[in-house]
Amino acid sequence: MPLLRPLVFALAVLAIQFPPPAVDVDRSSAPQWLAPYREASGRLIGEAMSSDAAWQRLAYLGDTYGNRLSGSPNLEAAIKWAVEEMKRDGLENVRAEPVKVPHWVRGRESLEIVGPIPQPLVMLGLGNSVGTPPAGIEADLIVAHSFDELDAARDKVKGKIVLFNVPFTNYGETVRFRAAGPSRAAALGAVAMLVRAVGPPGLRTPHTGALTYVDGQPQIPAAAVSTEDAARLQRMVDRGTTVRLKLMMEARFLPDADSANVVGEIRGRELPNEVVVLGGHFDSWDVGTGSTDDGGGCIATWEALRLMKKLNLRPRRTIRVVLWTNEENGGRGGLAYRDQHLQELSNHVMMLESDGGVFRPTGFGFSGSDAARGRVRDIATLLGGIKADNIGPAGGGADIGPSVQHAGIPAMSLEVEGNYFLIHHTPADTIDKIDPIDISRSTAAIAVMTYVIAEMPERLR
Ligand SMILES: [Zn+2]
């Protein structure tokens, strides 16, 4: 519907009160036990869909604080803002739980073809990379398309800059070259590593992201180049041209910095010690505004609590939103949450993370027992009206992972359809890629799912 969609989008932006969608599910397909929750679910969905509050808050976050890399003053200022805003929303026990985070800084950086004819390339250093000497590193290029191919060319790698030119298939498969490539190349004597951006082809857009150095190998600087530049370097090498490159990066670590996970709650009215946790990670890479990765997940989960508060819905159990710090280049927020809440993890009923973007929601991934899956499937029928009722085979997230694994907690993740990997970790991760209706719908789905789990008499097991 190429014509209708811009119209709907315009209505969402311009008209404050666009009609809420039909929210009733076909009663013959909705399990009977859900009857007591139908009214509250309808109100949550109606409230979420009748305003663009989530989108506006996310836009404010990105416009005001920009990107939020661990250790940056931007992140800490945004954390202070979130604490104050959660208090203004009327959330309870709002606090910042201290976490020490790694403090990596990019500094200036550049990549250029030195010969045959000098010219600059578009690049983005990889997170946690070491820098080059001040004058940069100059060396000839060698291209590989797999680790096996590089190993087979081992005699030619010493003293070279290696480019892994691997087309994007899916994130899990392709990100190996970004994460492990530097140490694989260093093991054979390479002086620097480049990786074709881990994402579908964009408009000459490099993607940053963390690398992982292996102990016992030299640490060499590493950067991403755009799909277009990788293809161009490939063509030059294929023609037999000796391509000489110069990489300059000031990247380095400073001492660990003070940061925090932001926590806010609605205390349960009958079982306050049993907790349903939902959230996203508040830090981002140092490019773009981290609106999709993962400002959107933070704001949508937080908004779910605000809606409950606004509608005077206080569930049986406590609902807690957590904005974790340092997911991108350390995971310290998720680890600190586990350690600081160790005593109450056995009372964590379910943990949900939204870190796949807040595009059009299709439902949730779920990991847990078959009985719990049955319950979650039933609850999802309440989301049929907004077409977010699919329950996928696995749920989880990097920040909830340590707690979930430690205590065997049922885990969920919001699932969406959108161009997440086209923009994530790039300067293009900005608010304009997010449709206000999609984030409202994501908020509605999260609010209904977590509310019913926190409210139903039996604990999800
Ligand atoms: Zn993320």
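Atoms within a ligand are numbered from 1 in the order they appear, just like the ligands themselves.
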Check residues 402-417 and write down every donor-acceptor pair under 3.5 Å in which the side-chain atom is one partner and the other belongs to a residue at least two apart or another chain.
{"unit_1": "Ser413", "atom_1": "OG", "unit_2": "Gly396", "atom_2": "N", "d": "3.4"}
{"unit_1": "Glu417", "atom_1": "OE1", "unit_2": "Arg360", "atom_2": "NH2", "d": "3.1"}

Considering just N/O/S atoms, say which atom of His281 is closest to the Zn ion (ligand 1). NE2

For a distance under 2.8 Å, tell me if His424 has an N/O/S atom near the Zn ion (ligand 1). no

Look at atom CG of Leu203 and say whether more than 12 heavy atoms of other residues, nucleotides or ligands are closer to it than 6.0 Å. no

Metal-centred angle, OD1 of Asp293 through the Zn ion (ligand 1) to OD2 of Asp355, rounded to 10 degrees: 150°

Please check if the side chain of Trp104 supplies one atom and the backbone of Gly127 the other of a donor-acceptor pair under 3.5 Å. no

Would the number of heavy atoms belonging to other residues, nucleotides or ligands and lying under 6.0 Å from NZ of Lys309 be above 12? yes

